[in-house]
Amino acid sequence: MSAASSVSQSLHRRSERRYRSTRVESSVSQTRQASFHSAQITRGMKASMHSQKGEEEVMLTPLPKTVRPICLAVDKETEIIGYVVPAFRTSHAFAREETQEESVGQIAMRSLFSRQAETVVVKRVEKKTREMTMRESADNITLKRKLLEREEFQRKMNADSLTHHPEFMVKPKSYTVWENQSVTLHCTVAGWPKPLVTWYKNNVVIDAKAHPEKYTVESNYNMHSLQIKSCTFEDTAEYTVSALNIKGGSTAVSTIVVKRFSEEELFRPARPHGFCAEYGVTFEAHIVDKFAVSFGREGETMSLGCTVIVYPTVKRYKPDVVWFRNDVQLNPSKWVSMNWSGDKATLTLTHLNKEDEGLYTMRVNTKSGYNSYSAYVFVRDAAVEVEGAPVAPLDVRCQDANKDYVVVTWRQPAVEGASPILGYFVDRCEVGTTQWVQCNDTPVKFARFPVTGLVEGRSYSFRVRAINKFGISWPSRASEPVAAMDPSVRLRGHPSAPWTGQIIVTEEEPAAGVVPGKPSDLAVTEATKSYVVLSWKPPGQRGHEGIMYYVEKCISGTDTWQRVNTEMPVRSPRFALFDLAEGKSYSFRVRCVNSAGVGEPSDPTGEITVGDKLDLPLAPSHVVAIRLTDTSMVVTWKVSQEVTQEVRYYIEYSVVGSNVWHPCNNKPVKGTRFVCHGLHAGETCVFRVKAVNSAGYSQSSQESESTLVKAAIAVPSPPRNVTLLERVKDYMVLGWDEPELSGGVEVSGYYLDYRTVKDGVAGQWHELNTKAVKERTYKAENLKENLLYQFQVRAINEAGVSECSVHSASIECKEYTITVPGLPHSLRVQEVRKDSLVLLWEPPVYQGRTKVNGFYVDIKEAAAPEGAWRGVKEKATSKTYIKVKGLKEGVSYVLRVYAQNLAGVGKAAELPTTVLAQTRPGTHEIIVDVDDDGVISLIFECSEMSAESQFVWSKNYVEAIDASRLKVETVGGKSRAIFTDPSVDDLGIYSCVVTHTDGVSSSYTLTEEGLKRLLEISHDHKFPIIPFKSELAVELLEKGRVRFWLQAEKITSNCEVEYVFNDNIITQDEKYTMNFDKTTGIIELFMDSLEVIDEGTFTFQLVDGKATGRSSLVLIGDEFRELQKKSEFERHEWFRKQGPHFVEYLTFEVTPTCNVLLKARVGNLSAETDITWYKDGLEVDDEEKLDFTDGVLTLNISKISRKDAGLYEVQLKDSRGKDKSQLDLTDEGFQKVMNEVFRVIANSATEMSVLSTEHGIVLHTSVVYYSEELRVGWLQKESKISQSDHLQFGVTEEQLWLKINAPTEKDKGKYAIDIFDGASGVKRIFDLSGQAWEEAYTEYQRLKAAAHAERNRARVIGGLPDVVTIQEGKSLNLTGNIWGDPVPEVSWMKNERTMESDDRYTLKFEAGKYASITITSVTPADSGKYSLVVKNKYGEETGNFTVSVYIPEGEEGAPEEEKK
């Protein structure tokens, strides 16, 4: 035992370092039993493991026979904290650790194929007492129970688990409520598939659709509710809710008891439903300003919003606002953003795509309950890039992702384009890059495609494009990124429960180097014409390293297996095979491979014939369209019973007669019912439905019956405000307001009920009238005096009878004794606009002691207190209508009316509803019209007409239209009231109301002044005058022809015209040519020329039916002669232009370089045309100056001067004619040219610059050219400068300068040069002060000093030759002239050595100007380079010369003595 204990302790320390597990005491035999028992109860479950690398989690699998049993380690709370593996064999008493050595090749293969899995075997053997064994057994039982409970809970709540029968998680409660209260039963059901929930009352199914006024059933977000409204005694019952799915059913029962209030409890407030104890209130969430059904287009941004009012307001309390799309909760993303501003909830869709289409729900959760609102959002397709191309696919998703393989699915678009879709291209983009790569070369037909060749560990996004014969669609929205990785790794990265972990079970023998087993469950999951997808399960025996797979195929009828992926084994248990022969049959099998070798093949699949296994869906049937609103209809259909795949539906509609189909939805929907929005009221439409699945589209269903788009009719809402209008001892007159909603058709009448009230107890209701009354007043007769009565009213239309109104208060039947009038009744408003409305009422039935003589109207804002009432008018009005003006747009108002008589003012009758001051979109007003026949009429249009709508005209709001004076004609949505004989009797207010609309109405006030104006317009229409766009005018045409013309604004083809000259009708002949274009209304008269006899008045007279028109033009006197002169000139010009001629006569142009160009543009030249230039009558023959380019003749005068003045002329001549052009360049003409030259010169002047010299400062500017005639002036400080020794100015070539000699401080300031430019002058200014002066003056001083030094420096100015050649023995005497102040120093040098005066060399310097050197009897040694160096304080200079001594011929060889 001591040896065993030491081994156990050593292993235990290693176990703590590896797995952080607790100490487990166990004996060898007991450990085997406990391990076996623990392995049995944990088979297929999950546990947690703690390691140095962190927490990991995997699924447990059943243990094979060769696996060593394990033992779970638990703490006192039965939480799993680790495990131990007893290491022993059946023939050994003690555990021992075995290792297996691996070769270098095995290690290399392992790193190639897989990642090594670290496995540490912990062995602990200790003897246990009986007490410890029993405790562990109890702990294991407790652990088993908890694991099973958690597994059961997860299985029920996980929608992806196996199906299970329904179970009520929250059952409905029983309630006891008071009469007339509403109650709601709630429950929550779990089950898969989703259970069907049905409610029963006393075992009878509750049909909420048949009784919407009583029951409301909702099923939202796994919560089911039944609301029972206004409970009565009959609602006391046992209510059962049933949940049913394919696994079974479950029921829950609750009881509702309805109690009646006792007399003392009648006014006791009940405890509100949903009371929040935390805040002590009951929160009510109201949703207003709701977003409507919305339409957007792909790429746009859309915002949906509602105003949320939570009452009461509690400080720092904030409701929870949640958004859903198609019952799926939305979260913020790059496509969706949400905002809550305290009272406004907004959802923003930043970039619409068809995936965003659906039913959007905003849910407001409070502590007392919730409220929600829903509306549909439709997303239309973006415009296609190529006409006829399909639109983009949608809803791209990634399925079945593995290490190198993923299946991409999508949904087909609603619109295929101008031709059917041929297929789809799938693109991928690696996350982190922007490059999209096409995955398939050939379009795929099905809406799913396996993408292979992915790199393990990298993430990808995918998109899809559709193609037809016209082009390719826009790409779809990219899918969510998906990582190419093993599903088990993905599962470990997303643990399903925090308390579970992975148990790694090791085999008895080490698994390294073990050849993997064969895969199992090989099956063909997809088979199309394009590809086949195989899937399988990995083998159980695969070692600790990863494995890869080889796929093999075999053609049916052969025994040859061919490996498909020889070059690259696949890592995923999925594989897609392409390039299979369609129609052939294949079998497939898979082999595993790792570093140890290739395993045995799997069982082959059955023979698979290549082809589409997924069939197109069948077309839906029985398409029915049901009216809903003015812009929407409900479409239902039936599906085929043979549907095996998921099918969704697209709905299309077409306006009858258009043959154009439009999609109702751009995102396919489930189910067999859809509400189509965006229709137009009054159109007749047909509908059809087509199904779509992964294989493609079905055929379109048969068209539904044609249906008119209009609102469906319903029973009206209850009447309102039952009031007493008059009462006598045995009868009472009652009044009430019309229902708020008419139900889409006219309310045909009303029924009244009454009951008596005795001692505060109401009796049974009795009918008051058996025949419906049309008026909203009724005289209840045969009543008993001094008895209390209550009344209620019901409205009736074609759909049925409404619910009863709220009954009136208890009214005692006795005669009125008051003297003031009763209540006005039937208050209503019309013509509501943003700043006005019209209020109408009926006078009270009870007049009082005297007759009613007026009415007062008060108004206030709805939100204002009672003290804010104000009178519309100070004085009473005798009319029963009033127009209220001065309203604020967007503000709601309430109004009330009082009646008065001589005794006083009665009680107020208040308008039953508030009125919002706004002008609705599409509102039309009554317009007055006068037609071509002079008929005056009033026109009113309405775009919200329903089939039952009618136009009702009235005068002064109360009088019926007199058919003898006003005739009403209505066609479609337009009504016309025609005056038969307008007169002052027709003055008044004309109003029109459209029934069965939301208050569409308008009015027009016909005043005396307005009637007078209309009668004038009518007269003009009865006796019309043809209007003219242009009155009669005259213009000259080519060749001097004269055109008289006018244009009528509006004529018919029957219009005739007469041409009149001086009251005589003229007709077409040689002199006159006429033209009348009736399409444009242009009338023309042409004359070749004007003669003296043509002076007078021309008139055009038009007759078009009863309309006439007349326009005249007077041509006499100077006006006629001027026109005649211009005609002759144009005629002459036309003949001139038949030969060579000048298009533009001779003119001049000055170039930027101041060359003067004489130019003329010519036309109609020929090869024989002679062009000659003349100056002062002499021909110019200088070819260099002449040019002819692009029809322009040019004579170039460069550097023009007075000698160039003269008369210039150009002549054109050939056989067709001649022409000439002159330009006078003398006197004024020459000066005009020079002025233009001066302008160019002046504007070419550069900015003024400064230059310093030894004499002073020079200011200068440059021009392109200078002429002696150019006037130039210099200014200093705005004063003209005169020429002097100090200030000199002049011109050097093209430079204009001003010299300031010996400048001083007085010369500072601004200098300007004024250059004449032909008109005024151009100035260039330079400010010679400040830094400019300092720099210029400093430079002048420097140059002046340098010049002085240069003038006075020492230098040799002459007298010395360059080379002296002298015969030997002769004497040499040279004198150099010297200059310098002060007198320079003189020295002589020979061959760079200083010379001194001696017997041979005599050096003299005389008079400070002459330096001489004398050499007596020169010898060859005296040859060399001599220098005269002069030097003073300003510098030095050297005069060089060369002396060459030669020996005469014949003496060169004589002895030295002889030479001497």
Subject >> Residues E1269, R1202: salt bridge by 4.0 Å N-O rule >> reply: yes

For a quick test of your reading: what N or O donor-acceptor pairs under 3.5 Å do the side chains of residues 1295-1303 make, sequence neighbours left out?
from, atom 1, to, atom 2, distance (Å)
Q1295, NE2, H1260, ND1, 3.3
W1297, NE1, T1292, OG1, 2.8
N1301, ND2, D1285, O, 2.7

Original post:
Looking at CG of L1090 and CD1 of I1093, how far apart are the two atoms once the value is rounded to the nearest 0.5 Å?
Top reply: 10.5 Å

Original post:
Quick one: salt bridge (Lys or Arg N to Asp or Glu O under 4.0 Å) partners of D1307, sequence neighbours excluded?
Top reply: none

**OP:** Please check if atom CD in Q438 has more than 12 non-hydrogen atoms from other residues, nucleotides or ligands closer than 6.0 Å.
**Re:** yes

Original post:
Okay, side chain of S1111, backbone of L1032: is any donor-acceptor separation there less than 3.5 Å?
Top reply: yes

Original post:
Should we count CD of Q1331 as having more than 12 external heavy atoms under 6.0 Å?
Top reply: no

Original post:
So, for A1332 and D1327, which heavy atoms are closest and what is the spacing to 0.1 Å?
Top reply: CB-O, 3.8 Å

Original post:
Of the non-hydrogen atoms in I1241 and V1263, which two are nearest, and what is the gap between them?
Top reply: O-CG1, 3.7 Å

**OP:** Could you tell me whether K1106 atom NZ has more than 12 heavy atoms of other residues or ligands within 6.0 Å of it?
**Re:** yes

Subject >> V1356 vs T1438 side-chain heavy atoms within contact, under 4.5 Å >> reply: no

Original post:
So does Q1283 have more than 12 non-hydrogen atoms from other groups sitting under 6.0 Å from CD?
Top reply: yes

Please tabulate, for the side chains in residues 1095-1103, all donor-acceptor contacts under 3.5 angstrom to protein atoms that are two or more places apart in sequence or on a different chain.
from, atom 1, to, atom 2, distance (Å)
E1095, OE2, G1117, N, 2.6
T1099, OG1, S1112, OG, 2.8

**OP:** May I ask you to test the F1044-V1042 pair for a side-chain heavy-atom distance under 4.5 Å?
**Re:** yes

Subject >> Flag, side chain of S1252 to backbone of A1336, donor-acceptor distance under 3.5 Å >> reply: yes

**OP:** Could you check R1351, K1344, R1342 and say which one makes a salt bridge (Lys or Arg N to Asp or Glu O under 4.0 Å) with E1254?
**Re:** R1351

Original post:
Is R1136 salt-bridged to E1133, cutoff N-O under 4.0 Å?
Top reply: yes

Subject >> Spatial distance of atom CD1 (I1083) from atom CZ (F1076) [nearest 0.5 Å] >> reply: 4.5 Å

**OP:** Step through the shown structure and confirm whether more than 12 heavy atoms of other residues, nucleotides or ligands are within 6.0 Å of NZ on K1078.
**Re:** yes

**OP:** Kindly write out the residues that satisfy ring pair (Phe, Tyr, Trp, His ring centres under 6.0 Å) with F1316, not counting sequence neighbours, or none if the list is empty.
**Re:** F1238

Original post:
Any sub-3.5 Å donor-acceptor pair from Q1047's side-chain atoms to T1080's backbone N or O?
Top reply: yes

Original post:
Between S1127 and L1123, is there a donor-acceptor pair closer than 3.5 Å when you use the side chain of the first and the backbone of the second?
Top reply: no

Subject >> Heavy-atom closest pair, residues E1091 and F1120 >> reply: O-CZ, 3.0 Å

**OP:** Using modelled atom types only, decide if a donor and an acceptor are shared between the side chain of S1221 and the backbone of L1146 within a distance under 3.5 Å.
**Re:** yes

Original post:
Do T1194 and N1196 get their side chains close enough for a donor-acceptor pair, meaning under 3.5 Å?
Top reply: no

Original post:
Do R1043 and E1084 touch side chain to side chain, with heavy atoms closer than 4.5 Å?
Top reply: yes

Subject >> Partners meeting ring pair (Phe, Tyr, Trp, His ring centres under 6.0 Å) with F1023 (sequence neighbours left out) >> reply: H1019

**OP:** Determine whether the side chains of S1215 and E1168 contain a donor N or O and an acceptor N or O closer than 3.5 Å.
**Re:** yes

**OP:** Would you mind reporting whether L1270 and V1291 have side-chain heavy atoms less than 4.5 Å apart?
**Re:** no

Original post:
More than 12 non-hydrogen atoms from neighbouring residues, nucleotides or ligands closer than 6.0 Å to CD on Q1138, yes or no?
Top reply: yes

Subject >> Pairwise distance CG(L1207) to CD(Q1222) - rounded to 0.5 angstrom >> reply: 5.0 Å

Original post:
Is the backbone of L1046 close enough, under 3.5 Å, to the side chain of E1031 for a donor and an acceptor to pair up by distance?
Top reply: no

Original post:
Just how far is it from atom CD1 of I1116 to atom CG of D1094, taken to the nearest 0.5 Å?
Top reply: 14.0 Å

**OP:** Check whether any side-chain heavy atom of T1169 sits under 4.5 Å from a side-chain heavy atom of R1216, and report yes or no.
**Re:** yes

Subject >> Nearest heavy atoms of G1439 and L1360, plus distance in Å >> reply: O-CD1, 4.2 Å

**OP:** May I ask you to check whether N1235 and Q1231 show a side-chain donor-acceptor distance below 3.5 Å?
**Re:** yes

Subject >> Over 12 foreign heavy atoms within 6.0 Å of NZ, K1159 >> reply: no

**OP:** Apply the side-chain contact (heavy atoms from CB on, under 4.5 Å) test between M1234 and each candidate in D1204, L1225, I1200; give the one that qualifies.
**Re:** I1200

Subject >> NZ/NE/NH1/NH2 to OD/OE distance under 4.0 Å, R1041 and E1038 >> reply: no

Original post:
What's the spacing between K1280 NZ and W1274 CH2 if we round to 0.5 Å?
Top reply: 13.5 Å

Original post:
Would you call R1131-E1128 a salt bridge at under 4.0 Å N-O?
Top reply: no

Subject >> Test item: side-chain donor near acceptor, Q1276 and Y1311, under 3.5 Å >> reply: yes

**OP:** Verify, without hydrogens or angle tests, whether S1198 (side chain) and N1155 (backbone) share a donor-acceptor contact under 3.5 angstrom.
**Re:** no

Subject >> Test item: E1437 side-chain N/O and R1355 main-chain N/O as donor-acceptor pair under 3.5 Å >> reply: no

Original post:
Are N1243 and V1322 close enough that some pair of their side-chain heavy atoms sits under 4.5 Å apart?
Top reply: yes

**OP:** Output yes when a side-chain donor or acceptor of E1236 lies under 3.5 Å from a complementary backbone atom of K1232, and no otherwise.
**Re:** no

Subject >> Minimum heavy-atom distance D1214-P1140, with the two atoms named >> reply: OD1-CD, 3.1 Å

Original post:
Quick one: does K1137's side chain get under 4.5 Å of K1039's, heavy atoms only?
Top reply: no

Original post:
Rounded to the nearest 0.5 Å, how far apart are CG of L1223 and CD of E1209?
Top reply: 11.0 Å

Only distances under 3.5 Å count here; give the side-chain donor-acceptor pairs of residues 1049-1058 to other protein atoms, sequence neighbours excluded, each with its distance to 0.1 Å.
from, atom 1, to, atom 2, distance (Å)
T1052, OG1, N1054, N, 3.3
T1052, OG1, D1104, OD1, 2.4
T1052, OG1, D1104, OD2, 3.2

**OP:** Determine whether more than 12 heavy atoms belonging to other residues, nucleotides or ligands lie under 6.0 Å from atom CD of E1293.
**Re:** no

Subject >> Closest non-hydrogen atom pair between I1281 and L1275, with its separation >> reply: CD1-C, 3.7 Å

**OP:** Using atom types as modelled and distance alone, determine if a side-chain donor or acceptor of D1317 lies under 3.5 Å from a backbone N or O of G1321.
**Re:** yes

